[in-house]
A.B. asks: 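Sharing a structure here in structure tokens format.
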Amino acid sequence: MPELPEVETMVRGLRSRVKRKTITNLWTDEKKIIHHPSFNFFKKSLIGQTIVDVERRGKIIVFKFKPKGFLLVHPKMTGHFLALKEKPSSSYLKKKSAHLMLVLSNDLYLVWTDQRKFSRIEYWPDKTISEIPWLKELGAEPLELSFSEFNRLMDNRRTRVKSWLLDQRFIVGVGNIYANEVLWSAKINPEQPVIELSKDQRKKLLIDLKKILKRAIINRGTSVAEYRDISDQEGHYANYLKVYGRPGKPCPRCGREIIRKMTGSRSTYYCPKCQA
DNA sequence: ACAATATCCTGCGAGC
DNA sequence: TGCTCGCAGGATATTG
């Protein structure tokens with residue numbers, strides 16, 4: 001599941017290869033992942049556009065075009081780009097669950113693969129970045145967040161702290177892996193209501209969140225399922241996971257057995273002793 | 001305001 | 001071995 005560190009890794013890989021390149025052709029076999037505009041208009045209007053940069057907003061990859069326009073790509077569970085120097089065969093595309101391919105002017109084939117087809121792609125040719133509806137819904141970037149702003153976003157929230165961390169309207173980029181890891185690191189129970197967290201707990205939560213996200217970026221993300229970077233390589237942060245995906249194993253801090261429990265439809269992993 | 005549930009889709013593991 | 005079946009999971013919509 002790509003979260004902030006995985007998407008950041010993808011964006012950094014993409015940037016140097018696609019900057020100042022023009023989309024010369026485009027292929028898809030799955031029109032439904034294109035949420036805006038209609039597929040015919042998407043294809044017609046995107047061909048000929050020149051990319052000036054690639055950025056990340058939360059878990060969304062944002063391609064910026066010259067002189068205007070934005071292509072947004074959200075990987076959801078299993079989406080990722082592969083950058084290929086040669087035209088891939090149709091059997092390769094099928095094997096990789098490719099659903100979109102952008103052909104660039106430097107003969108780079110940018111293939112979007114998505115096993116589960118949950119990913120979402122939008123192209124906004126005329127809007128400024130602040131006018132794009134999807135981006136307007138997003139909360140703060142955790143790596144650029146001050147404690148006072150973080151604290152303000154928690155004001156009067158009665159929801160469980162894990163749900164709050166996952167809710168992209170407050171802070172962006174945190175998914176199930178890093179939510180579990182940061183709560184373990186900060187010794188906070190995932191079901192504790194946000195409103196009940198002390199100032200010290202909140203401070204530690206933000207500090208540990210930044211620390212873990214940065215460390216994960218340095219390690220090029222976590223490959224627990226099928227996440228790969230644009231060169232099809234795994235990230236290494238899975239080696240550092242303390243609780244995520246480790247039910248029944250001892251807590252690295254106190255030795256108590258790690259518990260797995262469902263909150264909503266999501267697995268929550270925590271240490272019942274450290275995170276009482 | 002918050003919780004729970006269905007939805008999308010596919011691969012995988014459990015059970016037989 | 002090989003089949004069916006249930007289910008995870010990010011975000012969203014809907015209902016409670």
Side-chain angles (χ1 to χ4, degrees), chain A residues 1-10 28-36 39 56-62 72-81 93-100 111-122 132-142 152-183 189-197 213 216 221-228 234 238 241 243-248 259-270:
Chain A
M1 302 161 274
E3 303 179 28
L4 189 152
E6 291 76 30
V7 178
E8 182 65 27
T9 303
M10 294 187 209
T28 185
D29 74 336
E30 186 66 44
K31 297 178 183 177
K32 103 174 33 162
I33 65 173
I34 313 295
H35 281 243
H36 180 92
F39 175 72
R56 179 190 59 74
R57 179 74 177 97
K59 301 175 193 171
I60 301 175
I61 302 164
V62 181
L72 314 182
V73 182
H74 193 309
K76 292 285 183 83
M77 306 296 298
T78 54
H80 68 279
F81 273 111
L93 293 175
K94 194 171 179 185
K95 189 175 71 187
K96 293 289 185 184
S97 305
H99 300 301
L100 175 70
V111 174
W112 181 246
T113 77
D114 182 14
Q115 199 174 75
R116 292 189 206 168
K117 301 183 183 175
F118 278 12
S119 61
R120 174 178 177 138
I121 297 176
E122 296 185 357
I132 295 170
W134 197 9
L135 299 181
K136 280 190 198 172
E137 308 297 318
L138 296 181
E141 286 289 339
R152 195 187 63 74
L153 290 166
M154 289 187 151
D155 267 356
N156 290 320
R157 295 295 166 180
R158 295 170 183 281
T159 191
R160 294 175 279 196
V161 61
K162 192 196 173 202
S163 304
W164 186 89
L165 284 169
L166 294 174
D167 192 329
Q168 306 295 302
R169 292 171 300 180
F170 302 124
I171 58 169
V172 294
V174 179
N176 209 26
I177 295 174
Y178 297 107
N180 281 296
E181 291 298 305
V182 71
L183 289 168
N189 188 291
E191 302 208 326
Q192 190 163 358
V194 171
I195 199 165
E196 291 176 8
L197 294 174
L213 291 176
T222 303
S223 297
V224 283
E226 46 286 289
Y227 168 71
R228 298 291 185 277
E234 296 188 3
L241 297 178
V243 288
Y244 181 84
R246 308 183 71 246
I259 299 291
R260 173 176 184 254
K261 154 173 203 178
M262 302 305 285
T263 48
S265 61
R266 287 152 165 176
S267 305
T268 297
Y269 304 92
Y270 70 105

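Letters go in sequence order (proteins before strands), and every chain restarts at 1.
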A.B. asks: Among residues at least two apart in sequence or on other chains, which ones pass side-chain contact (heavy atoms from CB on, under 4.5 Å) with A:T113?
C.D. replies: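 So A:T113 forms a side-chain contact (heavy atoms from CB on, under 4.5 Å) with A:H80, A:L82, A:K96, A:A98, A:V111.
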A.B. asks: What is the distance, rounded to the nearest whole Å, between atom CE of A:M154 and atom P of B:dC2?
C.D. replies: 12 Å
A.B. asks: Only counting residues at least two apart or in another chain, list the ones meeting ring-ring contact (aromatic ring centres under 6.0 Å, His included) with A:H36.
C.D. replies: A:W124
A.B. asks: Return the set of residues passing side-chain hydrogen bond (donor to acceptor under 3.5 Å, both in side chains) with A:S119 (not counting sequence neighbours), or none when no residue passes.
C.D. replies: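 A:S119: side-chain hydrogen bond (donor to acceptor under 3.5 Å, both in side chains) contacts with A:W112, A:D114.
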A.B. asks: Please identify which of these residues, A:V62, A:I121, A:I61, meets the side chain to side chain contact (heavy atoms under 4.5 Å, CB included) condition with A:L72.
C.D. replies: A:V62
A.B. asks: With sequence neighbours left out, write down each residue that passes side-chain hydrogen bond (donor to acceptor under 3.5 Å, both in side chains) with A:Y270, or none if nothing qualifies.
C.D. replies: none
A.B. asks: Taking ring-ring contact (aromatic ring centres under 6.0 Å, His included) as the definition, give me every residue that meets it alongside A:Y269, ordered by chain and number, with sequence neighbours left out.
C.D. replies: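 Scan of A:Y269 (ring-ring contact (aromatic ring centres under 6.0 Å, His included), adjacent residues dropped) gives A:Y244.
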A.B. asks: Quantified as the angle between the terminal helix axes (five pairs each), what is the overall bend of the helix from B:dC2-C:dG16 to B:dC16-C:dG2 to 10 degrees?
C.D. replies: 50°
A.B. asks: Determine the contact category for A:N156: base if any of its heavy atoms lies under 4.0 Å from a base atom, sugar-phosphate if only primed atoms, P, OP1 or OP2 are that close, otherwise nothing.
C.D. replies: sugar-phosphate
A.B. asks: To the nearest Å, how far apart are A:D114 CG and B:dT10 P?
C.D. replies: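 In whole Å, B:dT10 P lies 9 Å from A:D114 CG.
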A.B. asks: For residues 156-164 of chain A, which side-chain donor-acceptor pairs fall under 3.5 Å, sequence neighbours excluded?
C.D. replies:
unit_1: A:K162; atom_1: NZ; unit_2: A:N176; atom_2: OD1; d: 2.6
unit_1: A:K162; atom_1: NZ; unit_2: A:S267; atom_2: O; d: 3.0
unit_1: A:K162; atom_1: NZ; unit_2: A:T268; atom_2: OG1; d: 2.8
unit_1: A:W164; atom_1: NE1; unit_2: A:L153; atom_2: O; d: 3.4

A.B. asks: Where along nucleotides 8-14 of chain C does protein come under 4.0 Å, by heavy atom, of base (B) or sugar-phosphate alone (S), with - for untouched nucleotides?
C.D. replies: -BBBS--
A.B. asks: Please report, rounded to the nearest Å, how far the C1' atom of B:dC9 is from the NE2 atom of A:H35.
C.D. replies: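 My rounded result for the distance is 12 Å.
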A.B. asks: Identify, with sequence neighbours excluded, every residue that meets side-chain contact (heavy atoms from CB on, under 4.5 Å) alongside A:E141.
C.D. replies: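 A:E141 satisfies side-chain contact (heavy atoms from CB on, under 4.5 Å) with A:L4, A:R56, A:R57, A:E144, A:V172 once adjacent residues are dropped.
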